[in-house]
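So the structure is just underneath, and the comments pick up after that.
Chain letters run A, B, ... following the sequence lines, proteins first and then strands; every chain starts at 1.
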Amino acid sequence: MIDLRLLREDPDRFRASQRLRGESTEVVDELLRADEARRSATQRSEAIRAEQKSLSKQVPKASADERPTLLARTKELAAEVKETEAATKAADEALRQAHLAVPNLVQDGVPPGGEDDFVVLREVGDVPVIDNPKDHLEIGEALRAIDTERGAKVSGSRFYFLTGVGALLQLGLLQMAIAQAVEHGFTPSITPSLVKPESMEGTGFLGAHASEIYRLEADDLYLVGTSEVPLAAYHSNEIIDLEGGPERFAGWSSCYRREAGSYGKDVRGILRVHQFDKVEMFSFCRPEEAADEHLRLLAMEEEMLAKVEIPYRVIDVAGGDLGSSASRKFDCEAWVPSQGRYREVTSTSNCTTFQARRLNIRYRDADGKPQTAATLNGTLATTRWLIPILENHQQPDGSVRVPKALQPYVGGRDILEPPSNHPAAAQRSTKG
RNA sequence: GGAGGGCUCGCCUAGUGGCCGAUGGCGCCGGUCUUGAAAACCGGUAAGGGGAAACUCUUCGUGGGUUCGAAUCCCACGCCCUCCGCCA
């Protein structure tokens with residue numbers, strides 16, 4: 001939700017922001033009208049309510065002959081109060097709807113345009129020269145690390161098993177992400193994967209992307225698509241202490257996405273799946289600290305990418321491709337040799353006060369006054385990272401080199417190789 | 001799944017129809033005292049909306065209802081806790 005005061009002061013800024021997103025300015029004008037309508041409805045009902053209250057107070061003090069006229073008048077007022085309060089309530093609801101329809105104010109400097117109009121901020125690392133690169137699924141199957149066939153058998157398409165070194169690699173990667181987060185003062189967190197409707201709604205995921213979300217009807221709970229949801233809702237309806245600077249979390253969770261409407265897109269392997277694991281950063285800070293915090297989250301992501309030794313580029317996402325909560329978004333895209341292009345592996349958004357206003361997350365400013373906090377999020381590592389790791393570090397013999405920083409997290413291995421014997425055979429032999 | 005208890009201001013708590021936007025404690029802020037701090041004492045301290053301001057309205061889990069008037073009475077719902085059952 002945007003700041004209504006700011007809207008009243010400077011509506012043109014919001015219209016300009018809408019144009020930069022390539023969206024209609026009508027929602028802004030609609031909100032202005034709804035705001036005006038609600039204020040006049042409020043004033044009317046307040047005046048009548050004030051009169052009712054003051055007359056009501058006189059009732060017990062009134063003499064026996066004054067009382068009947070007084071009661072007649074207060075009765076009349078009671079009916080009027082009912083009427084005007086209903087009008088106010090309707091105006092409130094209309095305002096709320098109009099308010100929800102306006103996306104966050106885009107930050108200055110965001111490139112205009114749509115999905116393809118991002119600006120590349122930098123390219124880091126050298127793209128490896130690999131003859132006939134195998135793709136991650138071919139490598140993963142040879143290593144007995146990724147099994148999409150059985151994933152489909154057991155759960156359906158876009159599900160997979162990670163087994164053996166595949167499982168170790170993911171656990172090691174996420175473990176390394178947590179270790180880095182802790183080193184930088186983030187609070188490691190394991191978050192609920194199921195949340196109540198208000199948590200999902202408060203974080204803004206029930207709007208345009210509602211169809212992306214799994215819902216458990218019997219319990220009226222939602223499966224989260226990212227731990228951003230429980231982390232953001234963690235402080236909902238609280239006044240938090242930001243005296244000592246931003247409050248930072250690194251949440252580890254499984255993430256669930258229906259991927260409705262993406263059929264036929266990126267079906268192969270584990271690029272686009274219904275369930276994956278992720279370590280997500282989340283910060284609460286003062287609005288004036290948000291832009292710096294955003295760069296800090298980006299730096300965290302780049303530090304991780306450097307550790308896994310993957311070439312990548314950083315893009316400044318264009319206005320038309322920002323989510324409704326984001327004022328600015330930076331993505332890191334990793335080089336994927338089999339596709340000969342960069343693919344998104346991280347995304348960090350500065351939501352300024354937009355998300356916190358909806359979730360009612362505040363802090364006290366220097367004067368002790370409650371103010372709406374800012375929230376930011378960013379990816380530290382996900383299952384998808386296995387793709388560029390496997391592909392960029394593939395060796396001609398089918399093995400995969402493990403980047404040095406990651407080695408301690410995968411049992412000291414410097415190379416991933418297929419198991420020497422079949423797991424089932426190994427099991428038989430150990431059972432004797 | 002069954003039974004019971006609870007939900008009031010940052011936290012804890014008092015309050016069973018008008019004197020209640022609401023008691024007290026803790027915490028926090030300011031002051032007195034002190035070289036400084038602590039203690040003690042005094043004062044202040046919920047949030048949100050509207051208004052240029054005076055001021056005013058809303059909020060005692062949520063939504064309805066009764067009443068001139070509801071934290072307080074009635075109905076429904078939500079959430080939390082405890083116990084029993086079941087169980088990874």
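Using cut-offs of 30° and 60° for the angle between ring planes, the A/His235 and A/Phe284 rings count as perpendicular.
No contact: A/Arg73 has no heavy atom under 4.0 Å from any strand. Within 4.0 Å of A/Arg5, counting heavy atoms only, lie sugar-phosphate atoms of the nucleic acid but no base atom. Residue-level contact check: A/Arg364 touches the backbone only, with heavy atoms under 4.0 Å from sugar-phosphate atoms and none from bases. As judged by a 4.0 angstrom heavy-atom cut-off over every strand, A/Arg96 is placed among residues making no nucleic acid contact. Within the 4.0 angstrom heavy-atom criterion, only backbone atoms of the sugar-phosphate kind lie near A/Gln52; the bases stay farther away. Base engagement by A/Leu71 is indicated by at least one non-hydrogen atom pair under 4.0 Å involving a base atom. Backbone-only contact: A/Lys82 has heavy atoms under 4.0 Å from sugar-phosphate atoms and none from a base.
Rounded to whole Å, atom C1' of B/A47 lies 16 Å from atom CD1 of A/Ile361. Rounding to whole angstrom units, NZ of residue A/Lys369 and C1' of B/A47 are separated by 9 Å. Rounding to whole angstrom units, CG of residue A/Asn237 and C1' of B/A47 are separated by 12 Å. Atom-to-atom, NZ of A/Lys57 to C1' of B/C57 comes out at 12 Å; the value is rounded to the nearest Å. In this structure, A/Ile240 atom CD1 and B/G10 atom P are separated by 15 Å, rounded to whole Å.
Pairing partner, B/G1: B/C84, with both Watson-Crick or wobble hydrogen-bond distances short of 3.5 Å. Of the nucleotides present, B/U45 is the one that pairs with B/G27 by Watson-Crick or G-U wobble criteria, both distances under 3.5 Å. Across all strands shown, B/C79 forms a Watson-Crick or G-U wobble pair, both distances under 3.5 Å, with B/G6. In this entry B/U16 has no Watson-Crick or G-U wobble partner, no candidate having both defining distances under 3.5 Å. Nucleotide B/A40 is matched to B/U32 when pairs are restricted to Watson-Crick or G-U wobble geometry with both distances under 3.5 angstrom. In this structure, B/U67 makes no Watson-Crick or G-U wobble pair, since no nucleotide meets both defining distances under 3.5 angstrom.
For A/Phe330 and A/His294, the gap between ring centers is short of 6.0 Å.
Looking at the side chain of A/Lys196, the nearest of the listed nucleotides B/C57, B/C79, B/A47 is B/C79. Of all nucleotides listed (B/C57, B/G48, B/G50), B/G50 comes nearest to the side chain of A/Arg38. For A/Arg8, whose side chain is taken as the heavy atoms from C-beta onward, the closest listed nucleotide among B/C79, B/G69, B/G50 is B/G50. Here B/A47 is the nucleotide among B/G51, B/A47, B/G69 with the atom lying nearest to any side-chain atom of A/Pro370. Each of B/U56, B/G48, B/C79 was ranked by its minimum atom distance to the side chain of A/Ala50; first place goes to B/U56.
Rounded to whole Å, the C1' atom of B/C12 lies 15 Å from the corresponding atom of B/G6. Comparing the same atom, C1', in B/G85 and in B/G4 gives a spacing of 15 Å after rounding to whole Å. Across the P atoms, B/G18 and B/C74 are found 16 Å apart, a figure rounded to whole Å. Distance noted for atom P between B/G15 and B/U67: 29 Å (whole Å). One P atom belongs to B/A22, the other to B/A71, and the distance between them is 12 Å to the nearest Å. Rounded to whole Å, the separation between the P atoms of B/C19 and B/C60 comes to 16 Å. Comparing B/U59 with B/G21, their C1' atoms are spaced 9 Å from each other, to the whole Å. B/A70 and B/G17 have their C1' atoms separated by 7 Å, given to the nearest Å.
Here A/Glu36 pairs with A/Arg39 under the salt bridge (Lys or Arg N to Asp or Glu O under 4.0 Å) rule; sequence neighbours left out.
Heavy-atom distances to RNA chain B give each of A/Glu46 and A/Pro60 a nearest nucleotide, and the one nearer the 5′ end belongs to A/Pro60. Along RNA chain B, the nucleotide closest to A/Lys89 and the one closest to A/Glu85 are compared, and the more 5′ of them pairs with A/Glu85.
Between A/Arg33 and A/Glu30, at least one side-chain nitrogen of the basic residue sits less than 4.0 Å from a carboxylate oxygen of the acidic one, meeting the salt-bridge criterion. The pair A/Glu303-A/Lys307 meets the salt-bridge criterion, with a side-chain N (NZ, NE, NH1 or NH2) lying under 4.0 Å from an Asp/Glu carboxylate O. A/Asp266 and A/Arg343 are joined by a salt bridge, as a carboxylate oxygen and a charged side-chain nitrogen come within less than 4.0 angstrom of each other. With salt bridges taken as basic N to acidic carboxylate O contacts below 4.0 Å, one links A/Arg401 and A/Glu309.
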